[in-house]
Visitor: 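I'd like to ask some things about the structure below.
Note that the coordinates shown come from a computational prediction; the quantities given were computed from them, not determined experimentally. Chain letters run A, B, ... following the sequence lines, proteins first and then strands; every chain starts at 1.
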Amino acid sequence: AQSVTQPDIHITVSEGASLELRCNYSYGATPYLFWYVQSPGQGLQLLLKYFSGDTLVQGIKGFEAEFKRSQSSFNLRKPSVHWSDAAEYFCAVGARGDYKLSFGAGTTVTVRA
Amino acid sequence: DAGVIQSPRHEVTEMGQEVTLRCKPISGHNSLFWYRQTMMRGLELLIYFNNNVPIDDSGMPEDRFSAKMPNASFSTLKIQPSEPRDSAVYFCASSLTSYNEQFFGPGTRLTVL
């Protein structure tokens with residue numbers, strides 16, 4: 001079964017600084033990978049996804065993520081964060097032919113002025 | 001598109017009462033998922049429907065929980081009788097097919113006193 005680890009529970013970053021959130025997965029074959037963002041009191045919004053092809057994927061709100069098979073990672077990045085990026089971020093992994101998604105525990109991002 | 005719609009957004013009830021949560025998936029999506037989110041356990045998949053048929057209910061915690069999907073545009077999650085430990089945020093999500101990205105509703109925050 002697949003699993004996801006988000007090593008950082010909480011990250012604080014200054015507005016305008018770069019952000020990188022780590023995600024490591026465990027799965028034997030090529031996974032489907034997702035990043036979701038959850039603002040307080042809201043549902044999860046899909047930021048980006050990787051199914052196949054180019055390992056650098058672009059998402060909404062200026063986010064990008066890179067799939068590195070050798071490191072079993074799918075880290076999320078943003079070159080310059082805005083105060084509105086303060087939220088909780090979830091990495092998720094799915095398997096081809098399987099409807100289940102495994103979610104990481106989430107990383108809370110705080111943006112300071 | 002209106003996205004996934006859930007109601008109510010907040011529900012406060014007393015122990016022993018019946019609670020019904022409602023979900024309208026995105027039109028054309030054939031897969032529907034109910035999740036529960038708590039601080040302790042994160043996001044848990046409760047039940048998965050495909051073409052209105054329950055496929056996997058292994059995540060339903062106990063017989064007090066039941067879910068139905070009478071048609072492609074409506075699903076309910078019922079808890080009877082409710083208990084304080086059921087307090088959580090319940091999300092409904094839908095996807096175009098079983099193996100695509102899932103789109104989440106805003107959630108229902110349930111508090112059982």
Visitor: Return the option, out of A:L46, A:L44, A:D98, with the maximum number of heavy-atom pairs under 4.5 Å with chain B.
Guide: A:L44
Visitor: Among B:F103, B:Y48, B:F91, who wins on heavy-atom pairs under 4.5 Å with chain A?
Guide: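 Between B:F103, B:Y48, B:F91, the count favours B:Y48.
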Visitor: Could you give me the CA-CA distance, side-chain angles and deciding distance for B:S95 and B:N100, then say whether side-chain hydrogen bond (donor to acceptor under 3.5 Å, both in side chains) is met?
Guide: CA-CA 6 Å; B:S95 64; B:N100 287 88; over 6 Å; no
Visitor: What are the residues of residues 63-87 of chain B, in order of number, with any heavy atom under 4.5 angstrom from a heavy atom of chain A?
Guide: none
Visitor: Any side-chain donor-acceptor pair under 3.5 Å between A:D8 and A:T107?
Guide: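 There is no such pair between these side chains.
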Visitor: Check each atom of A:Q45 against the heavy atoms of chain B and say whether the ones under 4.5 Å are side chain, backbone, both or neither.
Guide: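 Neither; nothing under 4.5 Å.
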Visitor: Would you call the rings of A:Y36 and A:F103 parallel, tilted or perpendicular, where under 30° means parallel and over 60° means perpendicular?
Guide: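 Taking A:F103 first and then A:Y36, their aromatic rings sit tilted (interplane angle of 30° to 60°).
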Visitor: Assess whether side chain to side chain contact (heavy atoms under 4.5 Å, CB included) is satisfied between B:E101 and A:F34, documenting all intermediate values.
Guide: CA-CA 8 Å; B:E101 60 269 33; A:F34 308 86; 3.6 Å; yes
Visitor: Classify the angle between the aromatic ring planes of B:F33 and A:Y99 as parallel (below 30°), tilted (30 to 60°) or perpendicular (above 60°).
Guide: tilted
Visitor: Quick check for you: among B:N50, B:I55, B:D56, B:V89, which has the greatest number of heavy-atom pairs under 4.5 Å with chain A?
Guide: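 If we count pairs closer than 4.5 Å to chain A, B:D56 comes out on top.
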Visitor: Is it true that B:Q6 and B:K24 share a donor-acceptor pair across their side chains at a distance under 3.5 Å?
Guide: no
Visitor: Checking heavy atoms, do the side chain of B:Q37, its backbone, both or neither come under 4.5 Å from chain A?
Guide: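 The side chain, not the backbone.
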Visitor: What I want to find out is whether A:R112 reaches A:E15 closely enough, with some N-O distance under 4.0 Å, to be called a salt bridge.
Guide: no
Visitor: I'd like to know whether CD1 of A:I60 has more than 12 heavy-atom contacts from other residues, nucleotides or ligands below 6.0 angstrom.
Guide: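 Yes, the 6.0 Å shell around CD1 holds more than 12 heavy atoms from other groups.
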Visitor: Less than 4.5 Å to any heavy atom of chain A: does that hold for the side chain of B:R9, its backbone, both, or neither?
Guide: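 Just its side chain gets close to chain A.
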Visitor: My understanding is that only residues two or more places apart in sequence, or in another chain, count here; which of them pass ring pair (Phe, Tyr, Trp, His ring centres under 6.0 Å) with A:Y32?
Guide: A:F51
